[in-house]
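Notes to accompany the following structure.
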Amino acid sequence: VIMIDQNEQVRFWSDSARRILGYTAKEMTGRNLHDIVISDEAGLMQAKKGMAEFERSGKGPIIGNLWESNAVRKDGTIFPVEIAVTPLIQDGKRFAVGVVRDITDRKKAEEEKKSLLALTTTDGLTGIANRRCFDDVLLREYSRHSRSWTDLSLILIDIDYFKLYN
């Protein structure tokens with residue numbers, strides 16, 4: 001959990017933030033969060049724009065939404081994070097309270113899932129879609145056809161002696 005003020009200055013830095021990002025609360029309190037942990041110029045500009053809107057209205061593009069980005073640890077490694085930000089008003093001042101989660105494992109699992117899906121839907125030698133892929137596409141297209149009442153055509157080609165080409 002991290003809390004920043006309207007000037008992007010860290011006002012609260014939890015022990016979980018220390019474990020994820022590597023900085024202690026003492027190192028981060030009073031420093032500009034975005035300048036330190038955002039990994040690219042485009043992300044930094046987006047954060048500055050969002051904070052300007054937050055300062056004006058108390059709202060912003062990531063307020064109340066889950067947002068995925070890359071962050072930079074103290075040791076310089078860049079890793080994927082998920083951020084949820086909620087506004088807080090205390091003594092008439094606006095603060096943004098963010099929960100940051102390291103989603104490295106989830107991203108790796110998503111990539112592995114994509115790889116496995118590719119293995120199950122394509123022929124390993126040719127890279128051509130296999131029967132499982134054909135069945136999935138046929139079902140999806142037939143469902144779309146049923147909703148739209150348009151014509152549906154199917155052409156099957158049987159290549160004799162395909163092994164000679166394979």
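Note that the numbering runs from 1 along the sequence shown for the chain.
- Within 6.0 Å of NZ on Lys49 lie no more than 12 heavy atoms contributed by other residues, nucleotides or ligands.
- We find the CD1-CZ distance between Ile78 and Arg73 to be 11.0 Å, quoted to the nearest 0.5 Å.
- Ile157 and Leu154 are members of different hydrophobic clusters when ILVMFWY side chains are connected at heavy-atom separations under 4.5 Å.
- Defined by atom type and a distance below 3.5 Å, a donor-acceptor pair is missing between the side-chain atoms of Glu112 and Ser115.
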Start with the C-alpha distance between Arg94 and Asp5, add both sets of side-chain angles, then the distance that settles side-chain contact (heavy atoms from CB on, under 4.5 Å), and finish with yes or no.
-> CA-CA 6 Å; Arg94 283 197 183 105; Asp5 62 20; over 6 Å; no
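- Thr122 contributes atom OG1, which lies 8.5 Å from atom CG of Leu117 (distance to the nearest 0.5 angstrom).
- The side-chain heavy atoms of Val97 and Val1, taken from C-beta on, include a pair separated by under 4.5 Å.
- For the residue pair Arg140/Ser143, the side-chain donor-acceptor check at 3.5 Å is not satisfied.
- With respect to Asp136 and Arg131, no salt bridge is recorded, no charged nitrogen being found less than 4.0 Å from a carboxylate O.
- Between atom OG of residue Ser14 and atom CE of residue Met3 there is a gap of 11.5 Å, rounded to the nearest 0.5 Å.
- Under the 4.5 Å side-chain contact rule for hydrophobic residues, Ile38 and Val99 do not share a cluster.
- Rounding to the nearest 0.5 Å places OH of Tyr23 at 10.0 Å from CG of Leu33.
- In this structure, the side chain of His145 engages the main chain of Thr150 through a donor-acceptor pair within 3.5 Å.
- Salt-bridge formation is not detected for the pair Lys108/Glu111: no Lys NZ or Arg NE/NH1/NH2 atom is positioned less than 4.0 Å from an Asp or Glu carboxylate oxygen.
- A salt bridge is defined here as a Lys NZ or Arg NE, NH1 or NH2 lying under 4.0 Å from an Asp or Glu carboxylate O, and Arg132 with Asp135 fails to meet this definition.
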Test Asn32 against Asn7 for side-chain contact (heavy atoms from CB on, under 4.5 Å), laying out the working first.
-> CA-CA 8 Å; Asn32 185 299; Asn7 299 316; over 6 Å; no
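- Ile89 places none of its side-chain heavy atoms less than 4.5 Å from the side chain of Phe95.
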Stepwise, does the side-chain contact (heavy atoms from CB on, under 4.5 Å) test hold for Leu66 with Ile83?
-> CA-CA 6 Å; Leu66 286 178; Ile83 305 163; over 6 Å; no
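- The nearest pair of heavy atoms linking Ile20 to Val100 is CD1-O, 3.3 Å.
- The side-chain heavy atoms of Ile36 and Val72, taken from C-beta on, include no pair separated by under 4.5 Å.
- Residues Asp102 and Lys107 have side chains not in contact (no heavy-atom distance under 4.5 Å, counting atoms from C-beta outward).
- Of the possible donor and acceptor atoms, none in the side chain of Asp91 sits under 3.5 Å from a partner among the backbone N and O of Lys93.
- For the atom pair Glu141 CD and Ser153 OG, the distance stands at 11.5 Å (nearest 0.5 Å).
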Kindly determine whether Tyr142 and Val137 satisfy side-chain contact (heavy atoms from CB on, under 4.5 Å), including the steps that lead there.
-> CA-CA 8 Å; Tyr142 185 75; Val137 170; over 6 Å; no
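- Sorted by first and then second residue, the ring-ring contact (aromatic ring centres under 6.0 Å, His included) pairs with a member in residues 50-89 form an empty list; sequence neighbours excluded.
- At a threshold of 4.5 Å between non-hydrogen side-chain atoms, the residues Met51 and Ile4 count as touching.
- Using a 4.5 Å cut-off on side-chain heavy atoms (C-beta onward), Ile128 and Asn130 make no contact.
- The shortest side-chain heavy-atom distance between Asp40 and Met45 does not fall under the 4.5 Å cut-off.
- Here the side chains of Gln9 and Arg11 are in contact, with some heavy-atom distance below 4.5 Å.
- In plain terms, the two heavy atoms of Ser39 and Asn70 that are nearest each other are OG-CB, 3.3 Å.
- Atom CE of Met28 is separated from atom CH2 of Trp13 by 4.0 Å, given to the nearest 0.5 angstrom.
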Please assess Glu110 against Lys113 for the test salt bridge (charged side-chain N to carboxylate O under 4.0 Å, His left out), listing each intermediate value before the final yes or no.
-> CA-CA 5 Å; Glu110 288 171 0; Lys113 182 179 177 183; over 6 Å; no
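- Taking 4.0 Å as the cut-off between side-chain N and carboxylate O, Glu68 and Arg101 do not count as a salt-bridged pair.
- Using a 4.0 Å cut-off between charged nitrogen and carboxylate oxygen, Arg18 and Glu27 do not count as a salt-bridge pair.
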